[in-house]
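Index from 1, following the sequence. Heavy-atom basis, side chains included; hydrogens, waters and symmetry copies ignored.
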Amino acid sequence: MEELELKGLNEKIYVYHTKCGLPIYMWVNEKVSSMYASLSVKYGSIHTKFKIGKKTYEVPNGIAHFLEHVKFNIDEETTAHDEFYKIGGDANAFTTFDYTSYIVFATNNKKENLEELLNFVYNPFFTKKCISKEKGIIVEEANMGLDDPYSIVFFHSLLNTLQKSKYRNTITGTPDDVTSITLEDVKLVYDTFYHPENMFLTLTGNFNPYEMACLVEDNLSKKKFGKYLNPIIIKENEPKKVTTKYKEEYINVTYPRLKFSIKMDMSRFKNYSSLELKILTSLLFNINFGATSDFKDELMEKGLIQNMNVTCDVYDDTFVVTINVTSNFKEEIIKKVKEKLENLSISELDFKRKKNATIATLILDYEDLENVSYRIQDDVLNNGGIVTNLKEILEDETIDDLKNIINLLDFDNISINVFLPKENQKEQ
């Protein structure tokens, strides 16, 4: 068992590697009575094309999410929910672009709930009947996504920003994608990716880490795992330019929403890790466009906007900063945002305030089981393991680092997406 000290946080992560290859990351909080367990597989919606040896496979979009659903079937008559209900566990799952996570929250019978989590995820029960049954449910979910304004705003903006990347596709897939999924597709993905060497377990809450590690080791020793196939994900080469520089759509929103997506190649920031880049750009753009920025306050006071926020995302080799605005005055907002981008400012006071707020958020996250679990997942997936000195990294950032980032930014490659209320279209 390895014990990792999180510097400056007075927190510890226990790491244990099982014999079959599954790593376990554990954070103990004796102030609570519950446990949050998450068994994650490094397989998400973007992993639809891959190689095993010399052979290339391609499966339908949406299959990661589909597999998440059918995985809950233990046999023809029983689901994992039935079993968790008997022992007082609250089970769920979710799929992202990059991974799928199966979770259980338990206050009592923690060991039994963890055993059940391992048992149902590593139970390869798939039949044509359960595949067919699940299709109708997920097609309905996919159809709902086609009408959901939040989903439309997010994914249509990605479509207009990214040209070829798999991140352009919805996580559920289209109804046609879902319909095309076969039993053979599901088995192929499960057999290829649902292997302990391609998965990790996160436990947060009140428990004995040594007991839990022994329990997992004992449970997995009774299961048979074949050799890990080491699949290689095939990615699309993403062009540097955005797909569409400006586009308007009429959808079911109350107020017009604008998204400014600034697309940049990661190679521009070769002296920074993706972690450092996200930290610095988040600081920079939140100072200039965030919830407490002077620019937002100015626009709010003038009645030009209802809301404004910023996101910073890495899509393989592409970095995208997105400024989200809700406003009835699109022309004026477009003009003002462009002017602000050309005149980004950082005062020492704003820098210190925003940096301290980020550090405070990091510390407060260790009051919540789920937040700690998400932090561990993010570290494992995006940073190759637990980042033990994150607080130090944040404390060491200087205003000069932000000024250097400003010099590397490129604002020539922006996709502006405007989503207008459908009722406005009828009035024209």
State, yes or no, whether a side-chain contact exists between [X] and [Y] at a heavy-atom distance under 4.5 Å.
| X | Y | answer |
| --- | --- | --- |
| V242 | S261 | no |
| L402 | L344 | no |
| I234 | K51 | yes |
| N219 | N119 | yes |
| L67 | Y194 | yes |
| F289 | V337 | yes |
| I103 | S373 | no |
| K42 | F200 | yes |

Side-chain donor-acceptor contact under 3.5 Å, [X] with [Y]:
| X | Y | answer |
| --- | --- | --- |
| N160 | S157 | no |
| T174 | D177 | yes |
| S34 | T107 | no |
| Y250 | E248 | no |
| N109 | N113 | no |
| Y167 | D98 | yes |
| T322 | N324 | no |
| Y99 | Q377 | yes |

Least distance between heavy atoms, [X] atom then [Y] atom:
| X | Y | result |
| --- | --- | --- |
| A213 | I24 | CA-CD1, 4.3 Å |
| F225 | L220 | CE1-O, 3.8 Å |
| K166 | E58 | NZ-OE2, 3.8 Å |
| V32 | L369 | CG2-CD2, 4.0 Å |
| L114 | A37 | CD1-CB, 4.3 Å |
| F66 | I131 | CZ-O, 3.5 Å |

[atom1]/[X] to [atom2]/[Y] distance, rounded to the nearest 0.5 angstrom?
| X | Y | atom1 | atom2 | result |
| --- | --- | --- | --- | --- |
| H156 | S151 | NE2 | OG | 7.5 Å |
| N123 | L118 | CG | CG | 12.0 Å |
| T172 | E140 | OG1 | CD | 12.5 Å |
| I363 | T358 | CD1 | OG1 | 11.0 Å |
| T318 | D265 | OG1 | CG | 6.0 Å |
| N206 | K31 | CG | NZ | 12.0 Å |

For [X], look at atom [atom1] and say whether over 12 heavy atoms of other residues, nucleotides or ligands are found less than 6.0 Å away.
| X | atom1 | answer |
| --- | --- | --- |
| N237 | CG | no |
| N208 | CG | yes |
| E339 | CD | yes |
| Y255 | OH | no |
| K223 | NZ | yes |
| K135 | NZ | yes |

Strictly below 4.0 Å, N to O, side chains only: are [X] and [Y] in salt-bridge contact?
| X | Y | value |
| --- | --- | --- |
| E298 | K302 | yes |
| K86 | E116 | no |
| D218 | K222 | yes |

Is a donor on one side and an acceptor on the other found under 3.5 Å between the side chain of T243 and the backbone of L159? yes
Counterpart residues, ring-ring contact (aromatic ring centres under 6.0 Å, His included), relative to Y102 (two or more places apart): F120
For E68, check salt bridge (Lys or Arg N to Asp or Glu O under 4.0 Å) against everything at least two apart and list the hits.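 None.
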For a side-chain contact (heavy atoms from CB on, under 4.5 Å) check, start with the C-alpha distance between K129 and K133, then their side-chain angles and the critical distance, and finish with the verdict. CA-CA 6 Å; K129 183 179 178 180; K133 178 183 176 182; 5.6 Å; no
Which class fits the ring pair H195 and Y228: parallel under 30°, tilted 30 to 60°, perpendicular over 60°? tilted
Could you check, using the six-membered ring where one of them is a Trp, whether Y190 and Y122 have ring centers closer than 6.0 angstrom?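 So the answer is no for these two rings.
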